[in-house]
Structure formats: C-alpha cells, structure tokens
2 protein chains.
Amino acid sequence: MAAAAAVSISTASKALNDTGRMGSETRERVKRIAAEIGYRPNALARGLLSKRSFTIGLLTNDTYGRFTLPVMAGISDALVDHGVSVFLCAIEDDPALAQIHVDAMLDKQVDGIIATGKRLDRRLPVDLSNLHVPVVYAFTEGTQNSVTFRSDDEQGARLAVEWLVKIGRRRIAHITGPEDFFSVRERAGAYHEVAGHREPVLYGVWSENWGHEAVEQLWKRPGEKPDALFCGNDQIARGAVDGLRERGVKVPQDVSVIGFDNWEIVAAQTRPPLTTVDMELKELGRQAGLTVLALAEGRPVEPGVRKLPCRLIVRQSCGGKAPTE
Amino acid sequence: MAAAAAVSISTASKALNDTGRMGSETRERVKRIAAEIGYRPNALARGLLSKRSFTIGLLTNDTYGRFTLPVMAGISDALVDHGVSVFLCAIEDDPALAQIHVDAMLDKQVDGIIATGKRLDRRLPVDLSNLHVPVVYAFTEGTQNSVTFRSDDEQGARLAVEWLVKIGRRRIAHITGPEDFFSVRERAGAYHEVAGHREPVLYGVWSENWGHEAVEQLWKRPGEKPDALFCGNDQIARGAVDGLRERGVKVPQDVSVIGFDNWEIVAAQTRPPLTTVDMELKELGRQAGLTVLALAEGRPVEPGVRKLPCRLIVRQSCGGKAPTE
DNA sequence: GTGACCTGAGAAAAGCTTTTACCAATCTCT
DNA sequence: AGAGATTGGTAAAAGCTTTTCTCAGGTCAC
C-alpha cells in the first residue's frame, strides 16, 4: 500500500483524491510515490463504501450478436471514460440461465442493467421490473415506466421508400419477414404510406432463400414487374439480388434493391453492394449507456420510449447518387 | 442484513455457508429467514476478503465478433456454474484503449484475463505478460510460458482435403487469404501434403469478391479445370460458388466447394449450403475459461500451446454423403 | 502574553463478509 | 459429583478505501 511506502495512512487517500487539507508538498510526494510503485486503489473496497461498483450488466438473448455487438460497442464507448466496465451475459432465451446471470450481477453490485435483444416486441425471459438497480431497455420491449430505446423503423422505412421514389421508381414491391414482428408491420405501414398500395407486400422469413423465392413469385405473376424492391432486411435483399441476377434482371439498372439493417457482412459483400437502412445501434447503445449511468447517479430521467432515427446508407444496389449534403 | 432479521450477527455467515458449529435448528432457521427476505451476500465484501472476485476479463480486438462471440459463449458456459461473470472489453487495436480496459479490470480485481483476437499470429496491442493475475490466450498469439489455445488449422485443412479426395475429387485447387496469415500457410501446407502440387494455390484476401475473381482466373486458364475448390474461408467459398454458378458450372455436381470457419450466417445461407470446417471456437472458449479458473485457484497448469481439433461440417456444396458414424 | 483561529496530518469509523478466537453452559465419564 | 470435553453461539479482526473527527502545533490579533 502507498501508506507504507510513503509516511502516513489515510492521508494517502486524501492526497490521491485531491481532497481534504494538507501541504501541497506532502500531496505531491504521495502522488509521486504512488505513481512510482504503480499503486492502484482496489475498486472492490471503494465500491463497498461508495455503493458504486462502476460496473453494469448487459443482458441479451441475441446469440448471434447481430444486434448486441453494435449496442455493446456503443455502451462501452460511452462508459469507458467514466471508468465503467460491462458484464456481458448471453442468455439463450433460457429463463433459468437469465435468472442466474441477473442474480450474479446483483451480487456483484452492478450499478445498473441494460437489457437488449433481437426484436423490439419481445421481452427478455426474466423480470427486471422490481430490481433495486436501474434498468434500461435497448432494442427489446421494456416494462411500464421504464426507459426504452429503439430504432424508428417507420422513419427508416420511409427513408428507404422515399429514396426509391426520388430516384424515379414507381412500382415498388416490399419483401419482408414474418408479419408477427412489430418492426415488420411498422416498416410495411410506412411503405404503404409512401408507395401506396400498387404492389403487394410479401411476408416470409428473414432468410436469403425467402428473398430468392419472393423474386420468383413476383416475376412469375403476369403483368408488369416491379422496378424496385424494398426488402425487410439485408439477407432478404441479398437473396433477391441473386434471384434477379439469375433471371437476367440487372441490378440496379432494371430494378433497384434496398435492404434494411446495414449488416456490413451481408450488405457490403453483396454484388452490387446494398443500399440499406442503418438502425444506428451503436448510437442507441451509447445513449442507453449514458442513461443507465445517469439513473445510477440518481439524476432524473424521463421514462418512456425513445425512438432513434435511422440513416440511409447509399451503396450501389439502387442506382441514383448519394444525397447531396 | 440477515443478522438483524434473525438473532445473531456472524452466526448467520456460518449458517449460510454450512461452516462452523451450531445447532441444526438454528442453522435451518437462519437459512429460512435469509431465503424469505431474499438476502444475498455482497460479492464485493466477500471478494475483498477472499481475494477472489469471481470475475474475469475477456479482451478482444475482434470488432465484428466473428471469433469472439463463440469463444465468449464457451467461456460463459463453462464458468457460469462457478459463479464467475465476464467483463467483455473490445479494444479496436487501440493500445491506449486496451491499457485503459486492462487497468480497469485489474482495479476491479479480476481473477484472470482471457485474451482473444482475430488471428493466431498477432498479439493484442497490450502487454499482459507481467500481470499479477493469470492470463490465458485463445485464438491469438500468446507470450513465452503462457497457456495458449488455438485451432489446429493443419488438421482442419487435412480434414477438408481428405474429404474431397474421399468423394473422388482429384484436381483440387486452393483459394485462400493473404499469405502472411499463419493459418493460411498452415492450411496451404496441409493442402499440399494431401492433394499434392497438381493445382495452384491462389492467395488473395478474405472476401467474396476474391473468391469470385479467383474462379475467373482458374477458369480462364487453358487446360483442364479443377473439380474441387478448397477455400480458405466461407466468404471466399461463397464468392466462388457464385462465380461458378455464373459460368454455368454446377455445384456440387461438376465442382465440389468446401469452405472454412463454419460461419453459419455465410455457410448455411449459401446456395447450396457450404460443407465447411468448424474450428470449435466454443469448445476453445470453454477450455480457456476452465484454464483461467484453474490458474486463479492456484491449480497447476502446464504452459504451452494447445491445438484443438477442427470438425468437418457436411452440407451440400461437395456432394458425397455425411460420414457414417 | 494569551485566546481565537488555522493548518497539516493522523485516528477512527463505516461499508459487508468471513474466519478465528473465545466464553459460558451443558454433557460425559468415572 | 466434579474434571474435562463438547456444544452453541458471540465478539473481534481482517480485508481496503473514504470520510469525518480530532488534535497538536503554529499564527495572528489585540
């Protein structure tokens, strides 16, 4: 301990924390010696007293990490400056496992918990509503009076469809995921609002195969073909692009294709690279992190659902040119 | 505190920990009351005394999580039963950020650190060799006298090429990533050993585009074409499959394609789904977790590099049938 | 010169558990 | 019945910081 190395005992604490009264010469000396011997205070002892562990828990049921990783990156990015570390707990939709992790985190006196998931309209399989630590929900459904962050899928979908309209497309079809997803309904709603009801909405699953198959369905129908496809996610878009290529339809010359999610590994590797909608999950994580920190510090936070705007990522699958800013 | 609720003070501790001497009736009563009021001991206080925080840190520079997530899942899986939680620290190849995270973890008295990355032949940008907590390396290069877990890429590549040979392929080409990757050289070595030197090795980058382009190069050459492609990862394999399809070459009838990594999102969604080599990263994580725990508990662990065997995942891109087991 | 004030630093308590030491009361055995 | 052993439980210390209290010595003013 620094006390032994220097001269006193609790004076060291005051010296290092720039608190209390003491001679500036003593203060400097203690600091210097502490630096020399590489002294670092024990966060456990500090936490025991201050009731702050500078630790939060991130609970997720998103095994693949598609949504969790960007959120995690945002949280970490926002909180590392505040000395906060993050426990990552992956709970495969297993209530018992979830409870174990929550208990472990509470035992370790986390300052707060962020719950995140893979869909906006599902709860995590564990009740976090009556904990004595603050809970913030990010990209998963929260409880009454909680703070919840989510992407504004309606605005994102509008962004996509308006872009297609702007570059001159008129027969815009929508190929998307299962209708029981809230985001699917919300995106489809925005699609109808902007594009009208001239083309059908094809509900299916979140896979490339479905995108491929949906193109087949569309092109087998008699009559005019769509000149644009707004896809519910990037995987569907990729399948659609493949399907179009196999039919000899050129993307983006004949048909514009737009995705959703900006999952780089899919969107950027598709040929042509996909124009798509980014849900700004990192920013979402950042805000969730700052919010849970605020709550932990007792600062007031208005409860409610906060919708964060999406952003259009223009690549080459639509033609058109990047928006002039 | 349970002491208040029941009768005594430190007797509670002994009751709950099944330690010390006391009347079984008292013990049961304390336990019952503790359960009733939902008492849970403060892990910070416990850790302060026992010098064990039941917390470890996972340090990674693999932003995308392609390798980290399975490893993390394995670690968590192995350690959750022991009450150990995991700090996840993503350090984007930024030495300063890495140091901040390491310091934060040490302050929080982690019982150990697992370092993981995205390549076997690179170090993390931070020195972990003289910490006073045990460090285990997983899927990243370790230091002298450390414990390092890695996949056996040579064995994995052999598995792949032997499979191609077994199903009757003879002209097997190898399309892979940059030659400066250790795993690339190791896989290529095994390829040469099993397949001979009849077909070239094409070094490139880890992208679909490269797989696509490599097929073009191969098929533009005069003479007989390969009847099988062993690809350095699944993305290259996917690009190759696309390239073959565009040339009218049937997979797997005309050419077998085999990937590496078993990145489900790529391998399972390719048409046809890719036969590929799984590096068993979850198992790798599990072993790394158990090892760091053993070291933290002072149990002796032999230093050195442990190579974990890969497993062949048979899907449809090679033809042949699943191995009879 | 003496009382009020200030300054620099140490002592002690608190935060929560676990462990060791200890004490009083009850048993056991001859 | 009394010495020694056992039993059931409490008191106290330790682990590391931070914070509040206290105190000795010096300074200043009158």
Side-chain angles (χ1 to χ4, degrees), chain A residues 1-35 37-55 83-85 103-111 132-133 296-298, chain B residues 1-35 37-55 83 85 103-111 132-133 296-297:
Chain A
M1 186 182 4
V7 279
S8 59
I9 175 159
S10 65
T11 305
S13 175
K14 294 192 294 191
L16 296 176
N17 294 330
D18 279 327
T19 176
R21 294 183 318 217
M22 62 195 314
S24 59
E25 164 226 8
T26 311
R27 175 155 289 165
E28 289 311 318
R29 182 165 43 89
V30 172
K31 281 185 179 178
R32 183 170 46 76
I33 294 188
I37 67 172
Y39 168 77
R40 310 215 94 224
N42 182 323
L44 262 45
R46 174 180 281 163
L48 191 56
L49 191 54
S50 68
K51 304 292 202 174
R52 288 284 315 278
S53 64
F54 290 89
T55 289
V84 175
S85 306
D103 288 344
M105 292 194 297
L106 294 177
D107 289 353
K108 282 161 189 150
Q109 313 293 119
V110 291
D111 295 334
H132 58 279
V133 298
E297 289 171 351
Chain B
M1 171 157 43
V7 279
S8 58
I9 175 161
S10 64
T11 306
S13 174
K14 294 194 296 190
L16 297 176
N17 294 329
D18 280 327
T19 177
R21 293 182 320 215
M22 62 195 313
S24 59
E25 165 227 7
T26 310
R27 174 155 287 162
E28 289 311 317
R29 183 165 42 89
V30 172
K31 280 186 178 177
R32 183 171 45 76
I33 295 186
I37 67 173
Y39 167 79
R40 310 215 95 224
N42 181 323
L44 262 45
R46 174 180 280 164
L48 191 56
L49 191 54
S50 69
K51 305 294 204 172
R52 287 284 316 277
S53 64
F54 289 90
T55 289
S85 306
D103 287 345
M105 293 194 296
L106 293 177
D107 288 354
K108 282 158 189 152
Q109 314 293 120
V110 291
D111 295 334
H132 59 280
V133 298
E297 289 172 351

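Quick note on labels: first sequence line is chain A, next is B, and so on, each numbered from 1. Side chains are part of it too, since the values below use all heavy atoms of this structure and drop only hydrogens, waters and symmetry mates.
Atom CZ of A:R29 sits about 8.5 Å away from atom CE of A:M22, to the nearest 0.5 Å. We find the CD1-CD distance between A:I33 and A:E28 to be 12.0 Å, quoted to the nearest 0.5 Å. Within the model, atoms CG of A:D111 and OG of A:S50 stand 8.0 Å from one another, a figure rounded to the nearest 0.5 Å. Between A:L16 atom CG and A:Y39 atom OH the span is 6.5 Å, to the nearest 0.5 Å. Here A:S53 contributes atom OG and A:M105 contributes atom CE; the two are 11.0 Å apart, rounded to the nearest 0.5 Å. Atoms CZ and CG, on B:R46 and B:N17 in that order, are 6.0 Å from each other to the nearest 0.5 Å.
Inter-residue side-chain proximity for A:T26 and A:K14 is flagged as unmet; no heavy-atom pair is nearer than 4.5 Å. A:Q109 is not listed as a side-chain neighbour of A:T55, based on a closest heavy-atom distance of 4.5 Å or more. Between A:L48 and B:L48, the closest side-chain pair of non-hydrogen atoms falls below 4.5 Å. Annotation: side chain of A:E297 is in contact with side chain of A:R52 (closest heavy-atom distance under 4.5 Å). A 4.5 Å side-chain heavy-atom check between B:R40 and A:L106 finds every atom pair outside the cut-off.
What separates CG of B:L16 from P of C:dT18 is a distance of 8 Å, to the nearest Å. Per the geometry, NZ belonging to B:K108 stands 15 Å off P belonging to D:dT17, to the nearest Å. Whole-Å rounding puts the B:D107 CG to D:dT18 C1' distance at 16 Å. We find that CZ of B:R40 is positioned 17 Å from P of C:dC16, with the value rounded to whole Å. Taking atom CD of residue A:Q109 and atom C1' of nucleotide C:dC16, one finds them 9 Å apart after rounding to whole Å. The CD-P distance, from A:E28 to C:dG8, rounds to 14 Å in whole Å.
Relative to the side chain of B:P41, the nucleotides C:dG10, D:dT17, C:dT17 differ in distance, and C:dT17 lies closest.
Side-chain nitrogen and oxygen atoms of A:Y39 include at least one within less than 4.0 Å of the OP1 or OP2 phosphate oxygen of D:dT17.
A heavy atom lying under 4.0 Å from DNA chain D marks the following residues of residues 45-52 of chain B, by number: B:A45, B:L48, B:L49, B:K51.
Toward the 5′ end of DNA chain C lies the nearest nucleotide of A:R27, the other residue of the pair B:N17 and A:R27 mapping further downstream. Heavy-atom nearest nucleotides on DNA chain D were determined for B:E25 and for A:S13, and the one closer to the 5' end corresponds to B:E25.
Side-chain to base pairing of A:S10 with C:dA9: no donor and acceptor N or O lie closer than 3.5 Å to each other. A donor-acceptor contact under 3.5 Å is formed by the side chain of A:K14 with the base of C:dG10.
Salt bridge absent: B:D103 and B:K108 never bring a charged side-chain N and a carboxylate O closer than 4.0 Å.
Recorded end-axis angle for the helix from C:dG1-D:dC30 to C:dT30-D:dA1 stands at 50°, based on five pairs per end and rounded to 10 degrees.
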Strictly under 3.5 Å: I want the nitrogen or oxygen pairs between protein and nucleotides 5-8 of chain D, one per line.
{"from": "D:dG8", "atom 1": "N7", "to": "B:R21", "atom 2": "NH2", "distance (Å)": "3.4"}
{"from": "D:dG8", "atom 1": "O6", "to": "B:R21", "atom 2": "NH2", "distance (Å)": "2.7"}

